[in-house]
Amino acid sequence: MPELSELPVLPREFYAQPTIEVARGLLGQAIVHGDRAGRIVEVEAYVASYKGISDQAAHSSRGLTPRTRVIFGPPGHAYVYLIYGIHECLNIVAEPEGTPGCVLIRALEPLVNLPPASGPGKLTRALGISRSHYGHDLLHPPLTIRQLIPPNGRPPETIATSPRIGIRHCAEWPLRFFLRGNPHVSRR
DNA sequence: CTGGTGATGCAC
DNA sequence: TGCATCACCAGG
């Protein structure tokens with residue numbers, strides 16, 4: 001394990017790509033918050049539209065509001081929201097500024113000072129991330145995403161695809177991506 | 001399977 | 001102003 005602060009931070013151009021490419025590209029990379037770090041092993045894409053159909057499961061589908069503002073802003077920032085009154089969920093903003101799109105981080109493999117964190121609510125708790133990080137620029141400490149592999153490289157494990165978990169709209173769309181066989185991927 | 005918990009968006 | 005909804009999790 002190299003020194004975390006020496007790992008390159010993922011550049012702005014990476015996040016400006018289409019959301020699905022950002023989602024796949026985030027797999028195998030490191031989330032670093034202070035002295036804690038984990039490797040991303042499971043994500044979901046939330047887009048403006050997929051195959052010409054509007055993604056009604058995406059928070060941005062109801063337009064620009066105080067909560068969704070950051071999703072329409074410049075890429076590489078954190079969208080954090082509260083769900084079911086208890087759990088905070090971390091999303092990464094993708095697409096060029098003005099186009100909504102974000103990636104939900106669903107599970108991490110522990111790297112440094114992190115307990116197992118399978119599931120979007122558990123991982124924010126484990127990393128110490130909350131709504132106070134809403135809009136944080138992920139190119140700057142203390143919360144960064146750093147490359148363990150080249151920005152558009154392939155992780156050693158195969159990337160598997162499945163429907164997104166826990167949603168009602170667009171339930172069959174294959175927008176969940178995870179590292180096949182990784183034991184830290186969340187259960188279905 | 002169920003209940004807890006509170007912000008959000010929209011109907012009225 | 002009310003209320004249905006919600007990208008979750010722990011417990012049984």
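Each chain gets a letter, A, B and so on, in the order its sequence line appears, and its residues count up from 1. No experiment lies behind these values; they were computed from the predicted model shown.
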Side chain Y81(A) and base dA7(C) donor-acceptor under 3.5 Å: yes
R67(A) vs dA7(B): side-chain N/O to OP1/OP2 distance below 4.0 Å: no
OP1 or OP2 of dT8(B) under 4.0 Å from side-chain N/O of H59(A): no
N or O in side chain of R106(A) less than 4.0 angstrom from dC8(C) OP1/OP2: yes
Pi stacking test for Y46(A) and dA7(C): under 5.5 Å apart, planes under 30°: yes
Mate of dT5(B) where both pairing distances stay under 3.5 Å, Watson-Crick or G-U: none
Closest to side chain of C102(A), choosing from dT5(B), dA7(C), dT5(C): dA7(C)
Earlier contact from the 5' end, DNA chain B, for T65(A) and H87(A): H87(A)
Sugar-phosphate only, base, or nothing, as touched by G121(A) at under 4.0 Å among non-hydrogen atoms: sugar-phosphate
Touch class at under 4.0 angstrom, heavy-atom based, for R131(A) against every strand present: sugar-phosphate
From CA spacing to verdict: side chain to side chain contact (heavy atoms under 4.5 Å, CB included), V93(A), Y15(A): CA-CA 7 Å; V93(A) 174; Y15(A) 298 103; over 6 Å; no
For the student: nearest non-hydrogen atoms of I40(A) and L179(A), plus distance: O-CD1, 4.1 Å
From dG9(B), dC8(C), dA10(C), nucleotide with atom closest to T68(A) side chain: dG9(B)
